[in-house]
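Single-structure report; data block below.
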Amino acid sequence: MHRVHIRTYGCQMNERDSEGVAALLRAKGYVVQDDEAGADIVLVNTCSIRGLAEEKAIGKADHLLRARREGRGPRLVGILGCMAQNRGAELLDRLPDLDLVVGTQRLRHIPDHLGRLLADPAPARRIDLAEEAGFEDALPGRADGRQVAAFVSIQQGCDMRCAYCVVPRTRGPERSRPPESILAEIRALAAAGTREVTLLGQIVNQYGRGSQRAEGGLSPFVRLLRQVAAIPGIDRIRYTACHPIGYRADLVAAHADIPELCAHVHLPFQSGSDRILRAMRRPYLAERIRRLAASLRAARPGLTLSTDVIVGFPGETDADFAQTESLFRELGFEHGFLFKYSPRPGTPGHALGDPVPAPDKERRLARLQELLALRSSTENLRQIGTTQSVLVEGPDRRGGRLMGRTENERRVILDGPSSLIGHIIPVHVTAAGQTYLEGKPA
Ligand code: SAH
Ligand code: SF4
Ligand code: F3S
């Protein structure tokens, strides 16, 4: 019996993909384990979004291969996902004794590749980077009936070509999964006890663009949201990532009309300077973000927002950054992913180089981090004494207690019996940190 460990870097799509690969391998009789120790196969599911993300994964694979050369490491080491797709055979310059390289669109063939590598006494390396034509069948889910909150992939790839972004290279052209297939997966999840789904794609609010029509004034994405909300047992719906240009009136209205849609939206604005937005090829103005935030909050009182920001994009001056800072402050994002620009080979913006000095990037990043920390701790402290509706997802990582989330996606640590797992319960908030609340069942 072979023991496999999958190490995952990157975003939720990668986490979902790793779950899918694990399910495929289990079905073939492999043991998939959380720990690296004792695994005879290690697969590294990689991310290419920033230079640092790539270095981490290469470092990990290098470490494993080195251990193997010294007679300690796993028998097989593979690189999967975005960096495999993006760098392909070039990875072998850095990691010449890698056994397996599988791109984002060939993950379902991993059991086959591993089977052949294991059957061969002197295995030849396997590289599989082919592209799929449409949205082929989704990878299976964990299917162990214990997923209170599950990720569901509804779309792959992206056609936007934002100047900084490698995703169109790593994930290929935009493809939407047919609604029947999505709904069948969610019905099965609901039957097995799932209460919350997060619909995943790179630009989910453009779901169905090009392949499905608007009907009755509703975009394919909003239609899908309604169908998901109608599935018995599904009480909460989230979605990510979305692009500000995909927010039309019907999606804003959905936040008022569909009670299952959680009161939290991730609205990545990237920069508050119109000049930099244009250079980034983000087709909106800062004013659009202001209006959108206001209409979402009007549609759903109590809605919270999170965002993504890049500092130090080529050409960004202190004055541009000041506009980012003021938009960030003004809209009161409660959570944010804040990044220093990292030039990526092959992206439309790569020719612009990386002219913003590192200390300027550092200073701008630190400024936003400071604002964010202040904002999230203040807002969390304001929750003390309130009662929140919490979906209890499972045991807390540190053990002994339970973990759940509010509708605003705040993490809550609470005490209570494990029979609460899978239930939405009122929780009285008793304490707060910067990234979590503590409470007790009310
Ligand atoms: N599809 C999503 C984003 C995927 S990447 C969307 O459009 O929102 C997640 C985030 O990484 C981006 O929103 C951006 O803020 C950041 N990012 C992407 N490329 C980057 C780069 N080259 N350098 C720094 N941050 C980057
Ligand atoms: Fe990247 Fe832009 Fe597509 Fe998001 S919308 S994945 S940032 S190219
Ligand atoms: Fe990274 Fe690929 Fe996600 S590049 S951010 S893991 S889509």
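Order of listing sets the numbers, starting from 1, for every ligand and every atom in it. Residue numbers run from 1 in the order of the sequence given.
Note on Cys47: not counted as a metal contact of atom 3 (Fe) of ligand 3, no N/O/S atom lying under 2.8 Å.
The closest heavy-atom contact to atom 26 (C) of ligand 1, among the options His350, Met13, Arg50, Lys340, comes from Arg50. Among Ala57, Cys165, Gly10, Ser48, the residue whose heavy atom lies nearest to atom 4 (S) of ligand 3 is Ser48. Nearest to atom 7 (O) of ligand 1 by heavy-atom distance, out of Met160, Arg171, Arg282, is Arg282.
Of all the atoms in ligand 3, the ones that sit under 4.0 Å from a non-hydrogen atom of Cys11 are 3 (Fe), 5 (S), 6 (S), 7 (S). Near Cys82, meaning under 4.0 Å from any of its heavy atoms, are these atoms of ligand 3: 2 (Fe), 4 (S), 6 (S), 7 (S). Below 4.0 Å from some heavy atom of Asn14 lie the following atoms of ligand 3, by number and element: 6 (S). Which parts of ligand 3 touch Arg171 is read off a 4.0 Å heavy-atom cut-off, strictly below it: atoms 7 (S).
With a 4.0 Å heavy-atom cut-off, ligand 1 is reached by the side chain of Pro268 but not by its N, CA, C or O. Counting heavy atoms under 4.0 Å from ligand 1, residue Ile49 touches it through both backbone and side chain. Residue Gln202 touches ligand 3 through its side chain alone, judged by heavy-atom distances below 4.0 Å. The parts of Tyr164 lying near ligand 1 are both backbone and side chain, judged by heavy-atom distances below 4.0 Å.
Residue-to-ligand polar distances place Asp308 within reach of ligand 1: an N/O pair is separated by less than 3.5 Å. Taking any N or O of His243, backbone or side chain, none lies under 3.5 Å from an N or O belonging to ligand 1. Residue contacts with ligand 1: Gln202 is placed with a nitrogen or oxygen under 3.5 Å of a nitrogen or oxygen of the ligand (distance criterion only).
Nearest protein heavy-atom neighbour of atom 7 (S) of ligand 2: Tyr164 OH, 3.5 Å. Counting protein heavy atoms only, atom 15 (O) of ligand 1 is closest to Gln270 OE1, 2.7 Å.
Residue contacts with ligand 3 leave out Gln12, since none of its heavy atoms falls under 4.0 Å from the ligand. Within the structure, ligand 2 lacks Arg171 among the residues with a heavy atom less than 4.0 angstrom away. By the 4.0 Å heavy-atom criterion, Ile203 is excluded from the residues contacting ligand 1.
Atom CZ of Arg363 has more than 12 neighbouring heavy atoms from other residues, nucleotides or ligands inside a 6.0 Å radius. For Lys60, the NZ atom is densely surrounded, since the number of other residues' heavy atoms within 6.0 Å is greater than 12. Atom CG of Asp93 is surrounded by more than 12 heavy atoms from other residues, nucleotides or ligands within 6.0 Å. Atom CZ of Arg69 sits in a crowded spot, with more than 12 heavy atoms from other residues, nucleotides or ligands closer than 6.0 Å. The 12-atom threshold is exceeded at CZ of Arg125, counting heavy atoms of other residues, nucleotides or ligands nearer than 6.0 Å. Within a 6.0 Å radius of CZ in Arg278, no more than 12 heavy atoms belonging to other residues, nucleotides or ligands are found.
Within the protein, the N, O or S atoms lying under 2.8 Å from atom 3 (Fe) of ligand 2 are Cys158 SG.
With hydrogens and angles ignored, the 3.5 Å screen pairs a side-chain donor or acceptor of Glu174 with a backbone N or O of Asp159. Within the 3.5 Å criterion, the main-chain N or O of Ala254 finds no donor-acceptor partner in the side chain of Arg226.
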